[in-house]
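For reference, the structure discussed in these notes is given below.
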Amino acid sequence: MPVVTRIAPSPTGDPHVGTAYIGLFNHALAAQARHRGEEGRFILRIEDTDRGRYVADSERRIFEMMEWLGLTPDESPLQGGPHGPYRQSERLDLYGDAARQLVASGHAYYAFETPEELAALREAAQKEGRVIQVPSRDLTPAQAQARVDAGEAAVIRLKVPREGQTVVHDLLRDPITFQNREIDDKVLLKADGYPTYHLANVVDDRRMGVTHVVRAEEWIPSTPIHVLLYRAFGWPEPVWAHMPLLRNADRSKISKRKNPTSVEWYLDQGFLPEAMLNFLATMGWTHPEGREIFDLAEFQRVFRLEDVTLGGPVFSLDKLRWMNGKYLREVLSEEEVAGRLHAYLAGQGHSLPLDDSFRAVVRMMIPRMDVFSEFLEKTPYFWSEEYPVTEKAQKLLEEGRPFLADLAARLKTLPAFDQTVIEAALRAFAEERGLKPGKVMQPLRAAVAGTSESPGLFEMLEALGQERVVARLERAAR
RNA sequence: GGCCCCAUCGUCUAACGGUUAGGACACUACCCUUUCAAGGUAGCGAUACGGGUUCGAAUCCCGUUGGGGUCACCA
């Protein structure tokens, strides 16, 4: 069975984590079909029929987000494809024709009510606890056509049956039943000639051959409209599957105010796309063998839509961070981490050489960071002599005051400066003074790092190098 | 408020009529240890409630409660 899926974001702002989330599943479904040797396509279509909310670079940023995550679509406005154009604003003729076709077949009608009239109608309907009824529905086709011909502003509305019910066969929640009398006559074509979401969505999905509509739960209430539309056109319905909504900690729909929702933020913070994807995959779904860490290929291998759970998953930044750290420590090699971190830092405007010294610091920091943005924050003393000194480090420095100068002198004379030599020297120094090793090491750490929290002292000293270590010690001893 | 969806530890979830209700994050303790981490071990911690069905219910049915979504010429 061919599987054609899509995401259809509107270009109204930052590339949203929810788009990535839904994109992951749609992308996987298409990939699975291809692996089976069947047709599988994943489309990115831009729903830009609301000119009021259009944001110019949003489309490009959505595409870049998908690429970053490795969810590159097979067809999109940027790549093109055989079913384009992929921007609804470039497909306007289609919708007008489709809407008029429905008027001709009696499934839709021209409506002339003004916004003010509609507001009044809506208020009245609300009072009576029923859905709005549009007077234009009762116009004869000839009457309506005459007013349109006269140039009167009109929208086209779907003529929803007054009786009966419409059942949505959602793959995850089948069946969902709606009473037709509770569905209002939705606008299909706006007065400006632009389609509404409902029309454009159905027409495009049909023309692009979409077989599976996998989208967020918030669309459930409009799905009966879409079903009615498919029927009015005489088209077969796609498979419907409504995924749960990502949630804030208070369980409301994930939002900007309560969570970082822009994927660009995660990129800026230095999250890995692999970890992001892995984490998103565990929202509403679990690996059948209980694995926590798995890659996209593995996800595609074992994912089944039917296994999706429906409780709205709370998006936990804590767990995402843990998972990202896990990738740093257990999935990627040290060399890969160094390379990626270097590229990340370059992207942030820090040009550090990708050399052995950088690699040594990275190696020490891998177990000490979860995301790349922590790297420089935690290692200022590796890159400059102007590193901050914490209060606690200051205290340790005082404790070391009696021997810091001597220690500097001792380290200065060391013939080699590797971990083994350093450790032996320090232990010997402590013993001579009748101090426990820690009593020497802590002040030393404070002197060279300005903090009591650092990687292992010996490896850190080696990475810093004899010259810097001695100089810092001498400075601290003064 | 109408309509619709949902309901297992604080969070993500496992269980698909029979388990001491399992794992992960977070939290706590201990171990390791030169600090901080990482890692290891242990602990804390859940079937919302009430009725059914059944020999047996977290699992099936109904109700209640709770949470969420949606009610535009936005998507």
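For clarity, every value in this text was computed on a predicted model and none was experimentally measured. Lettering follows sequence order; numbering is per chain, from 1.
Using a 4.0 Å heavy-atom criterion, one finds that A:T282 contacts the sugar-phosphate atoms exclusively. Counting any heavy atom pair closer than 4.0 Å across all strands shown, A:K439 reaches no nucleic acid atom. Within the 4.0 angstrom heavy-atom criterion, only backbone atoms of the sugar-phosphate kind lie near A:R251; the bases stay farther away. Contacts of A:S452 with the nucleic acid, taken as non-hydrogen atoms under 4.0 Å apart, include base atoms.
With hydrogens and angles left out, the side chain of A:K186 and the base of B:rA72 share no donor-acceptor pair within 3.5 Å. If you check distances only, the side chain of A:R368 does reach the base of B:rC36 with a donor-acceptor pair under 3.5 Å.
At the phosphate of B:rU13, OP1 or OP2 sits under 4.0 Å from a side-chain N or O atom of A:T309. Taking only side-chain nitrogens and oxygens, A:K127 never comes nearer than 4.0 Å to OP1 or OP2 of B:rG1. Between A:R329 and B:rG39 there is a side-chain polar atom (N or O) within less than 4.0 angstrom of OP1 or OP2. In terms of phosphate contacts, A:K319 brings no side-chain nitrogen or oxygen within less than 4.0 Å of OP1 or OP2 of B:rG10. Close to B:rC6, at under 4.0 Å from its OP1 or OP2, lies no side-chain N or O of A:R247. A:T49 has a side-chain polar atom (N or O) that falls below the 4.0 Å cut-off from OP1 or OP2 of B:rA75. A:T286 has a side-chain polar atom (N or O) that falls below the 4.0 Å cut-off from OP1 or OP2 of B:rA14.
Of the two residues near RNA chain B, A:A249 and A:R122, the one whose nearest nucleotide lies more 5' is A:A249.
If you check the side chains of A:N180 and A:E163, you find no donor sitting under 3.5 Å from an acceptor. Looking only at atom types and distance, the side chain of A:R445 has a donor-acceptor partner in the side chain of A:Q442 under 3.5 Å away.
For A:P367, the listed nucleotide lying nearest its side chain is B:rA37; candidates were B:rA75, B:rA37, B:rC12. Picking from B:rA26, B:rC4, B:rA75 the nucleotide with the shortest atom distance to the side chain of A:W322 gives B:rA26.
Nucleotide B:rA75 holds its P atom 21 Å from the CD atom of A:E217, rounded to whole Å.
Ring to ring, A:F315 and A:F279 are close: their centroids are under 6.0 angstrom apart.
Between B:rA21 and B:rC16, the two C1' atoms lie 14 Å apart (nearest whole Å).
Both distances falling under 3.5 Å, in either a Watson-Crick or a G-U wobble arrangement, place B:rG66 opposite B:rC6. Remark: B:rG18 base-pairs with B:rC55; criterion is Watson-Crick or G-U wobble with both hydrogen-bond distances under 3.5 Å.
For A:S252 (side chain) and A:N248 (main-chain N/O), no donor-acceptor pair under 3.5 Å exists by modelled atom type.
Only one option out of A:D48, A:T49, A:D50 pairs with A:S89 in a side-chain hydrogen bond (donor to acceptor under 3.5 Å, both in side chains); it is A:D48.
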